[in-house]
**Q** 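Below is the structure I would like to discuss, written out as structure tokens.
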Amino acid sequence: VLGHAGEEDPTIRTMEEFSGYPFREPPSWVADSLPSLSVESENLQKQIDELASFSDTPAPSVTRVLYTDKDVMARRYVKNLMGLAGLSVREDAVGNIFGRWDGLEPELPAIATGSHMDAIPYSGKYDGVVGVLGAIEAINVLRRSGFKPKRSLEIIVFTSEEPTRFGIGCLGSRLMSGSKALLKALETTVDSQNITFLDAAKYAGYAQDSVESVFLKKGAYAGFVELHIEQGPILEEEGVSIGIVTAIAAPASITVDFEGSGGHAGAVLMPNRNDAGLAAAELALAVEKHVLESGSIDTVGTVGILQLHPGAINSIPSKSHLEIDTRDIDEERRNVVMEKIRQSAIRIAKDRGVKLAEFKIVNQDPPALSDESVIRAMESASKDLKLSHKLMISRAYHDSLFMARVSPMGMIFIPCYKGYSHKPEEYSSVQDITNGVKVLALTLAKLSLK
Ligand SMILES: NC(=O)N[C@@H](O)C(=O)O
Ligand SMILES: [Mn+2]
Ligand SMILES: [Mn+2]
């Protein structure tokens with residue numbers, strides 16, 4: 001630790017070596033070390049670009065689905081970077097990856113950070129990745145500045161934040177937070193190729209231990225902070241560098257299956273049809289209607305998957321499958337919308353003479369609130385770094401939503417181009433990423449010394 005004028009202050013050094021503690025109060029450590037918080041921005045950008053190359057679709061899009069070969073390669077790439085950052089690396093039974101930097105008091109609950117690196121089909125290279133590679137660089141920044149954590153610092157790369165393969169988001173963090181419901185569901189869950197979760201996990205080298213072993217022990221972490229792109233336009237529009245997340249909206253997803261009689265597109269006259277496709281179309285519009293009826297801009301609803309069977313132009317759809325995503329920062333208001341959607345599905349099935357074969361609520365999660373002490377640490381870090389910042393909510397969900405169930409939680413947002421996300425045009429500048437990494441590094445340092 002450097003003295004104000006950069007030379008080592010012998011008395012302080014002896015005191016520190018003797019006590020093993022930074023002798024000065026954190027603020028002065030922070031003040032002293034601020035200038036030396038250097039981010040290797042170009043190298044970080046190169047890593048983001050390299051990680052994006054592990055994709056099942058051509059650049060600039062990124063597609064990296066859970067337990068696929070590209071996912072396994074990307075995991076190997078990140079584990080290697082963790083090793084180079086001097087972290088001890090381990091993985092759990094579903095492939096959540098942990099990189100640990102032991103603190104001066106390793107028995108104390110650690111401070112964790114992290115995010116995900118799976119990517120939905122045809123998406124971008126920053127969602128989740130900035131929170132993983134940025135976290136590793138934040139550790140390198142602290143090491144370079146000579147910082148010694150009191151509480152250990154741990155980076156977590158969560159398995160399957162995206163619901164792409166098994167229809168449920170935040171699979172790894174949900175299990176870590178102790179979701180017995182998910183544990184049960186995973187016994188029978190299959191993907192669109194009918195591959196079970198366990199077989200897919202084994203294919204990727206996981207599921208050696210019981211899935212239940214993923215559950216975190218209570219109090220495992222004293223704090224969790226996730227760095228993420230905003231995925232909305234506010235920070236860019238307002239020219240603000242850092243978003244301090246105070247709450248994460250409540251996500252829910254529903255799958256619906258209709259079954260009708262199908263038949264020949266030419267020979268079956270309109271009055272004699274039970275068209276499962278039209279039932280699905282009508283329900284999709286009903287989702288929009290019920291969301292708009294909530295009267296709040298904070299209520300959203302999306303039908304991101306709509307499949308018809310047999311899917312032939314000259315055959316009346318005999319089956320249809322929809323997947324509905326609805327969210328709100330007000331849980332009650334969202335639940336009212338979900339009930340209206342259920343009522344509409346029943347009515348549409350009756351009106352159109354089709355069978356409502358399935359109406360399944362896959363997840364219906366409460367919103368999460370950030371912890372005051374973590375918010376204060378992120379705010380003072382932004383202030384120390386003289387970066388403009390604002391309090392805001394997250395409309396996207398994140399692993400933080402579930403880490404909040406087992407640890408004081410906070411999230412740091414950085415601006416992204418036009419708020420684009422979940423598409424190849426997703427982009428955050430090197431400067432914005434660098435700012436985010438610095439705020440994360442300083443926040444982790446402050447929380448580690450608590
Ligand atoms: N952050 C993010 O994109 N999470 C998604 O899984 C989502 O749908 O919100
Ligand atoms: Mn995402
Ligand atoms: Mn994400």
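Indexing begins at 1, ligand by ligand and atom by atom, following the structure's order. Values below: every heavy atom of this structure, side chains too, minus hydrogens, waters and symmetry copies. Position 1 is the first residue of the sequence, and the numbers go up from there. Note that the structure is predicted; figures quoted are calculated from it, not measured.
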**Q** With a cut-off of 2.8 Å, does His422 put an N/O/S atom close enough to the Mn ion (ligand 2)?
**A**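 Yes, within the cut-off.
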
**Q** Can you confirm if the NZ or CZ of Arg90 lies within 45° of the ring axis of Phe98 and under 6.0 Å from the centre of its six-membered ring?
**A**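 So Arg90 does make the cation-pi contact.
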
**Q** Is a donor on one side and an acceptor on the other found under 3.5 Å between the side chain of Asp191 and the backbone of Gln193?
**A**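 Yes.
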
**Q** Is there a heavy atom of Arg395 sitting under 4.0 angstrom from any atom of ligand 1?
**A**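 No, that is not the case, since the closest heavy atom of the residue is not under 4.0 Å from the ligand.
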
**Q** Is there at least one pair of N or O atoms, one from Gln231 and one from ligand 1, spaced under 3.5 Å apart?
**A**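 So ligand 1 has an N or O lying under 3.5 Å from an N or O of Gln231.
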
**Q** Any ion pair linking Glu379 and Arg376 (charged N to carboxylate O, less than 4.0 Å)?
**A**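 Salt bridge absent between Arg376 and Glu379.
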
**Q** Quick test: of every protein heavy atom, which one is nearest to atom 8 (O) of ligand 1, and how far off is it to 0.1 Å?
**A**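 I find the closest protein heavy atom is Arg327 NH2, 2.7 Å.
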
**Q** Return the closest protein heavy atom for atom 2 (C) of ligand 1 as residue, atom name and distance.
**A**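 The closest heavy atom on the protein side is Tyr397 O, 3.4 Å.
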
**Q** Can you tell me which N/O/S atom of Glu162 has the shortest distance to the Mn ion (ligand 2)?
**A**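 Restricting Glu162 to its N, O and S atoms, the minimum distance to the Mn ion (ligand 2) goes to OE2.
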
**Q** Just jot down the ligand 1 atoms closer than 4.0 angstrom to any heavy atom of His228, in number order.
**A**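 In order of numbering, the contacting atoms are 1 (N).
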
**Q** Identify the closest protein heavy atom to atom 6 (O) of ligand 1: which residue and atom is it, and at what distance?
**A**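 Closest protein heavy atom to atom 6 (O) of ligand 1: Glu162 OE1, 2.9 Å.
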
**Q** Under 2.8 Å from the Mn ion (ligand 2), is there any N, O or S atom belonging to Glu161?
**A**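 So Glu161 does not count as coordinating the Mn ion (ligand 2).
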
**Q** Quick check: of its N, O or S atoms, which one does Asp127 have closest to the Mn ion (ligand 3)?
**A**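 So the atom name we want here is OD1.
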
**Q** Heavy-atom distances under 4.0 Å decide this one: backbone, side chain, both or neither, for Asp127 against ligand 1?
**A**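 Only the side chain of Asp127 comes within reach of ligand 1.
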
**Q** Output yes when Lys390 and Glu238 qualify as a salt bridge under the 4.0 Å nitrogen-oxygen rule, no when they do not.
**A**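 Judged by the 4.0 Å cut-off on N to carboxylate O distance, Lys390 and Glu238 do form a salt bridge.
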
**Q** Would you call the rings of Tyr67 and Tyr206 parallel, tilted or perpendicular if under 30° counts as parallel and over 60° as perpendicular?
**A**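 Correct class here is tilted.
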
**Q** Check ligand 1 against His398 and write out every atom of the ligand that is under 4.0 Å from a heavy-atom position of the residue.
**A**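 Counting atoms of ligand 1 from 1, those under 4.0 Å from His398 are 1 (N).
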
**Q** State the atoms of ligand 1, each with its element, that fall below the 4.0 Å cut-off from a heavy-atom position in Glu161.
**A**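 In order of numbering, the contacting atoms are 1 (N), 2 (C), 4 (N), 5 (C), 6 (O).
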
**Q** Please determine if Arg333 and Asp328 form a salt bridge, counting it only when a charged side-chain N lies under 4.0 Å from a carboxylate O.
**A**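 Yes.
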
**Q** Please note down the angle at the Mn ion (ligand 3) between NE2 of His228 and NE2 of His116, to the nearest 10°.
**A**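 With the Mn ion (ligand 3) as the vertex, NE2 (His116) and NE2 (His228) sit 120° apart.
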
**Q** Any chance the rings of Tyr221 and Phe224 have centres within less than 6.0 Å?
**A**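 No, too far apart.
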
**Q** Does the ring centre of Tyr420 sit less than 6.0 Å away from the ring centre of Tyr427?
**A**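 No.
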
**Q** Quick check on the 6.0 Å ring-centre criterion: do Phe413 and His398 meet it?
**A**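 Yes.
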
